[in-house]
Structures are given as structure tokens and as C-alpha cells.
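Just so it is clear, the values below take in all heavy atoms, side chains as well, and ignore hydrogens, waters and symmetry mates.
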Amino acid sequence: MSSSRVLVLNSGSSSVKYQLLDMRDSSRLAVGLVERIGEETSRLKHTPLASGGESREWTGAIADHEAALKAVATELAKDGLGLDSPELAAIGHRVVHGGKHFTEPTVIDDAVLAEIERLIPVAPLHNPANLTGIRTATALRPDLPQVAVFDTAFHTTMPESAARYAIDVETADAHRIRRYGFHGTSHAYVSRATAQLLGKAPEDVNVIVLHLGNGASASAVRGGKCVDTSMGLTPLEGLVMGTRSGDMDPAVIFHLARVGGMSIEEIDTLLNKKSGLIGLCGDNDMREIRRRIDEGDERAQLAFDIYIHRLKKYIGAYYAVLGRVDAIAFTAGVGENAAPVREAAVAGLEQLGLAVDAELNAVRGDEPRLISAAGARVAVAVVPTDEELEIATQTYALVGKGNA
């Protein structure tokens, strides 16, 4: 019997997202989410797609990630898709931070676990949860290959001129301070899918990818390789986001400490959780912000204008970095669904060959599509991201083909 299935796990601090895929045709057999792990009101939602069955929900106490994954295994088994199946080739794990060391998907062993743990200081919110998911899955199926797919890996092709900060080299190296970038699996998938949409090979296409969700990042991709990205040492740098400030004068931190009397922890919370759109207007949902704008809300309008101003600056900057741009691709929750954001982001950039067709931009859909105006020199695309498929594809390419 062939082993063609990959289980993808995305373990957060209090949640586990999962998908089971059959890599023979990249079809989804089941998807689900466990949330509020560690609380009395934990919730598991499971949808068996292979059988076309209805979603099942369960609410109650799930004490920890081990209990969560056991609950997931139970739900999968109900559909004949259990973790003990010989058809399961591997488990692919999303790991947020791989530093400079991990440039591609990696089979997990003790040395890999130790390095992921060593990177916790630069990813204190994410890597511990990722490690918990890996260790729990390994305990459940110790015989099965466990593969780490790193958010940072796609960006390791950045040249030093883009990756280094202009600070003392010895200090930077001692504390591993450099620009790593994030959302890498999304940028990899979308840049490749954009080339396919244009009918070209990835190595022949230069793309600016705009991953716009609650977290947001941009990347400049030349011939299938990232040469610059907006996030840095952490996901705080770059674009204006739902709750994060993005780019800012570092001296603001000193000012808040010296003049505002704020602690480092308070400033960290301010910049990561109380800034961006929610800090500017009290909402981080672009749909709500647009509704408020339609009602004449000036704070919402200003927040939108700041968001677009920063976005447009990055488009221009990455156009300069690449020299030639074949396409700009919008993806993730806002990028895929907020037509006004796409329109505003390229408005006024006609001299750069960018223009959006209003009718095409207004169409909603789940497939990659072009929204460029007729005759525009640069393609503008909406490309739904699929990070789980990318993780499964990379995992299976590494360990699964010998089992197929």
C-alpha cells in the first residue's frame, strides 16, 4: 500500500490547526482546529472532506497539546484516517523561526530540536509552541518522519546587504541580530503560483508578493528566490498590521522608557498588540474599517490612509530592488478579499506600469486571477495562499516519494 498522506500541524501557544492531505493529487482529506487549549472551554472543530461529511464540533476541557493531538487522532480515526494508518507518510510541522541555519525543510532529530529550542529568544511566542507540537506528534508516532518547514527558510536567500542591520557587526553576530523575515511558506507558494498564472517558469519571473492579513509582509522575489522582505528579526518590522506598528524610529522606544516611564514589557505589548490599525482607530478588521469609512469616520479613514501609504512605499522600494517587475501578487485575508486595498495600493503608480481594472478587482473568487487593467505593463494578481499545501508539498518531496 502506498504511503501518500501528509498530516500538517500548525501548533500555536493555545491552538493546533491541522490538515490531512493526499499528495497523489494534493487533495484534502480532513481539516480542523483545536483552540483554547488549557481552558475549560476548549473547542475542537473537525471536517472530514474525503467523505463529504459534515463538520463535527466538541467543547470541553483539553488540558495540553498532548491531549489536543490525541483528540485530533480520535476524530481522524472516526473517518478511517487515523494516525496509525500505513498510508501516512509523514507529519509536517510549521516552525516559525529557523534562523540562518535552516534553509529548507528538515527531517527532525534531536539536533534539530535543540537548534529550534536555541532560537526561542528570537521567537519566544512561537517556537515553544511549535516544539510542543513536534514532541507530542513524535510521541504518538515515533516511527514516522517528522519534518520541520520553517517560515524563515524562503528568506535565507536574501543577500547580506538586505539581511544585515547597520549596527556593530560583533554585537549583531553575538546575539544573532539580522533580518530573517516570516510568512515564508506563503511567499514561496504565492510567488510560484503567480509565475504559473503568467504561464512562465518561476526562474523567469520577478514578483512583489504582498501577504496582507492581520500580520502583513511584503517580499521581492527575483527568479523564484527572495532578495528582500519587510519583516526582520521579528514579525514587528515592516508594513502596518492589524495590531503591530511596523516600521518606526527605534528612538521611540527610548522616548517611551525615559519620558513615558514605560517598562520594556509595556512597550513590547504596545507595539505588538496595541498598535497598527487597532491603535490608530480601535479596529483591526479591514471590513469594519471600510464600513466606518463609508459612514464618514475620520479615524478609520486616517488608519486606512496610513496603511496604504506604507504599503505603497514598499511596492516602490521593491520595484527599485528588483529593477524589473513582472507581477504584483496580493494574498492572505486582506489581500485576497479587500478590493479597496488593492485598488488604493497601486493608484497613482501608472508610470510604473501598474493599473487595476475596477470590474476585475471587484470579482471575488478562490482561484488565482489577474486584475490588471488592459495594456498594463505589470500584471496585478490575486493569488489565494495555501501554506498548508506548501508545507505538505515540501514535506512529501523530502520523505514521501520513496513510499509512493
Side-chain angles (χ1 to χ4, degrees), residues 26 98-106 149-164 178-212 216-232 237-239 311-332 335 345-346 349 351-355 367-372 376-387 389-398:
S26 299
K100 285 180 65 178
H101 184 73
F102 296 111
T103 62
E104 55 191 19
T106 304
V149 178
F150 299 91
D151 268 16
T152 49
F154 183 64
H155 304 304
T156 57
T157 55
M158 283 192 294
E160 286 292 280
S161 57
R164 278 204 177 265
R178 63 187 286 115
R179 303 185 63 250
Y180 294 102
F182 299 90
H183 297 145
T185 50
S186 177
H187 286 278
Y189 177 86
V190 171
S191 60
R192 195 170 60 249
T194 302
Q196 185 176 11
L197 183 63
L198 299 181
K200 297 181 179 181
E203 54 266 27
D204 297 328
V205 176
N206 290 357
V207 186
I208 297 173
V209 178
L210 303 172
H211 177 108
L212 308 179
S217 60
S219 67
V221 183
R222 177 184 291 128
K225 297 185 182 298
C226 177
V227 296
D228 205 351
T229 192
S230 57
M231 286 179 167
E237 186 180 359
L239 301 174
L311 187 56
K312 194 170 292 191
K313 282 175 66 176
Y314 268 92
I315 292 173
Y318 286 172
Y319 208 117
V321 166
L322 291 169
R324 186 199 86 237
V325 175
D326 299 295
I328 291 181
F330 290 89
T331 193
V346 302
L349 301 182
Q351 291 298 314
L352 297 180
L354 289 161
E367 297 298 319
R369 62 195 185 277
L370 294 175
I371 59 170
S372 329
R377 193 168 71 250
V378 178
V380 181
V382 179
V383 180
T385 193
D386 198 331
E387 294 174 89
L389 176 58
E390 181 70 14
I391 291 169
T393 299
Q394 292 190 28
T395 297
Y396 193 63
L398 185 62

Thr331 and Leu212, any side-chain heavy atoms less than 4.5 Å apart: no

Step-by-step side-chain hydrogen bond (donor to acceptor under 3.5 Å, both in side chains) determination, Ser186 to His211: CA-CA 8 Å; Ser186 177; His211 177 108; 2.8 Å; yes

N/O donor-acceptor pair under 3.5 Å between Thr106 side chain and Glu104 backbone: yes

Donor-acceptor under 3.5 Å (Arg377 side chain, Leu354 main chain): no

N/O donor-acceptor pairs under 3.5 Å from side chains in residues 154-161, not counting sequence neighbours:
| unit_1 | atom_1 | unit_2 | atom_2 | d |
| --- | --- | --- | --- | --- |
| His155 | NE2 | Phe182 | O | 2.8 |
| Thr156 | OG1 | Ala153 | O | 2.7 |
| Thr157 | OG1 | Phe154 | O | 3.4 |
| Thr157 | OG1 | Cys226 | N | 3.1 |
| Thr157 | OG1 | Cys226 | O | 2.6 |
| Glu160 | OE1 | Arg164 | NE | 3.0 |
| Glu160 | OE2 | Arg178 | NH1 | 3.4 |
| Glu160 | OE2 | Arg178 | NH2 | 2.6 |

Check: Arg324 main-chain N/O paired with Asn206 side-chain donor or acceptor under 3.5 Å: yes

Side chain to side chain, Ser26 and Leu389, heavy atoms closer than 4.5 Å: yes

Donor-acceptor contact below 3.5 Å, side chain Thr229 vs main chain Gly181: no

Set of ring pair (Phe, Tyr, Trp, His ring centres under 6.0 Å) partners for Phe330, sequence neighbours left out: none

Donor-acceptor under 3.5 Å (Tyr318 side chain, Ser230 main chain): yes

Side chain to side chain, Thr152 and Thr103, heavy atoms closer than 4.5 Å: no

Residues, nucleotides or ligands: over 12 heavy atoms within 6.0 Å of Lys312 NZ: yes

Partners passing ring pair (Phe, Tyr, Trp, His ring centres under 6.0 Å) against Tyr319 (at least two apart in sequence or in another chain): none

Side-chain (Arg192) to main-chain (Pro202) donor-acceptor, under 3.5 angstrom: no

More than 12 heavy atoms of other groups within 6.0 Å of Gln351 CD: no

